[in-house]
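What follows is one structure encoded as structure tokens, with my remarks underneath.
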Amino acid sequence: MTGAKVLLMMGCPEIPIQTSIALYLSHKLTRLGFDVTVAGTDAATKLLKVSDSDGYYAKKLVSLDKTLEDIIEKRTDFDICFAFMHSDAGMTYATTMSAISQAKMYSIIFGRNAEALAETIEFDCEKLVVMDVHNPVRLKNKVDKVMEEIVK
Amino acid sequence: MSCIEQMKYKILQEKTTFKVAREYIEKNSDEVYYVPPGYKIFKDYYVIGVPPIALGAKGNALVFTYTKPCYGTFVLTIDDEGSKKEIERLREMETKNVIASLKKDKPFESSKAPPTSYEDVWKK
């Protein structure tokens, strides 16, 4: 899978662990040889830009809506997509991605309503579910396991 | 930002879930059509959503969902020349689907919502 195109899809950055896991996942996957693009809302990408001002962890940072538009218009696509979500809107965006892209989907579901939100997902994906808001460690551990499976 | 935010729209439902928004459109439109995620309306707005995505017509107004990551899903309506064209396009698409299914000798699967009750049959 080395060289595969991976999209990290960030939603609303209201819950802190999203930014930290996005940076972690982007860096780890890049070091493993994946071609990683991080897409987000305006606020989510600004948080990443300020945290990683030299673009060391997230090398390709793009607009979420523009990325979806490019996939719909067949200008680009990805092999793997990690979709972050903590709300119905995040789930709605991830469902759209699963319908328009051929990428294998991983849904990263977090926040206080994570379990209930995970049950509303109707598309085919692997779910990483944690009810955490501030502490990213449990989610990091789940992400590590998925990365191990991907590089096997 | 899509062109929607520069257009004259009315908000019918705000900060809700996609499912509730879809049900609202189904219950409050004269005609309902279903489109796949990414269907483009008003030049540059690609509809985000969970299939089946409902688009409604009420008179000449188009009723549709608009999802914002930090705020949830809104139901918006636009009534102008553009909405008339969009409704015509949906009706044409429906007609083409019927013709295509007749040519293939397959039963037609309508993208239009079936009437929900006997009374609905006489609404039009």
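Keep in mind that the numbers below use all heavy atoms, side chains included, and drop hydrogens, waters and symmetry copies. Chain letters run A, B, ... following the sequence lines, proteins first and then strands; every chain starts at 1.
Electrostatic pairing of D132(A) and R138(A) counts as a salt bridge here, judged by a charged N lying under 4.0 Å from a carboxylate O. Contact check on E5(B) versus K68(B) returns a salt bridge, with a Lys/Arg side-chain nitrogen under 4.0 Å from an Asp/Glu carboxylate oxygen.
Contact between P69(B) and C12(A) at its shortest, heavy atoms only, is O-CB, 3.6 Å.
At a cut-off of 3.5 Å, with distance as the only test, no side-chain donor of Y9(B) or D80(B) sits close to an acceptor on the other residue.
Ranking T96(A), L64(A), D42(A), T120(A) against chain B, the residue ahead of the rest is T96(A), based on heavy-atom pairs under 4.5 Å. Across D88(A), I100(A), T41(A), the residue that shares the most heavy-atom pairs under 4.5 angstrom with chain B is D88(A). For chain B, the option among P13(A), A89(A), S87(A) with the highest count of heavy-atom pairs below 4.5 Å is A89(A).
Only the side chain of L68(A) comes within less than 4.5 Å of a heavy atom in chain B; its backbone stays farther off.
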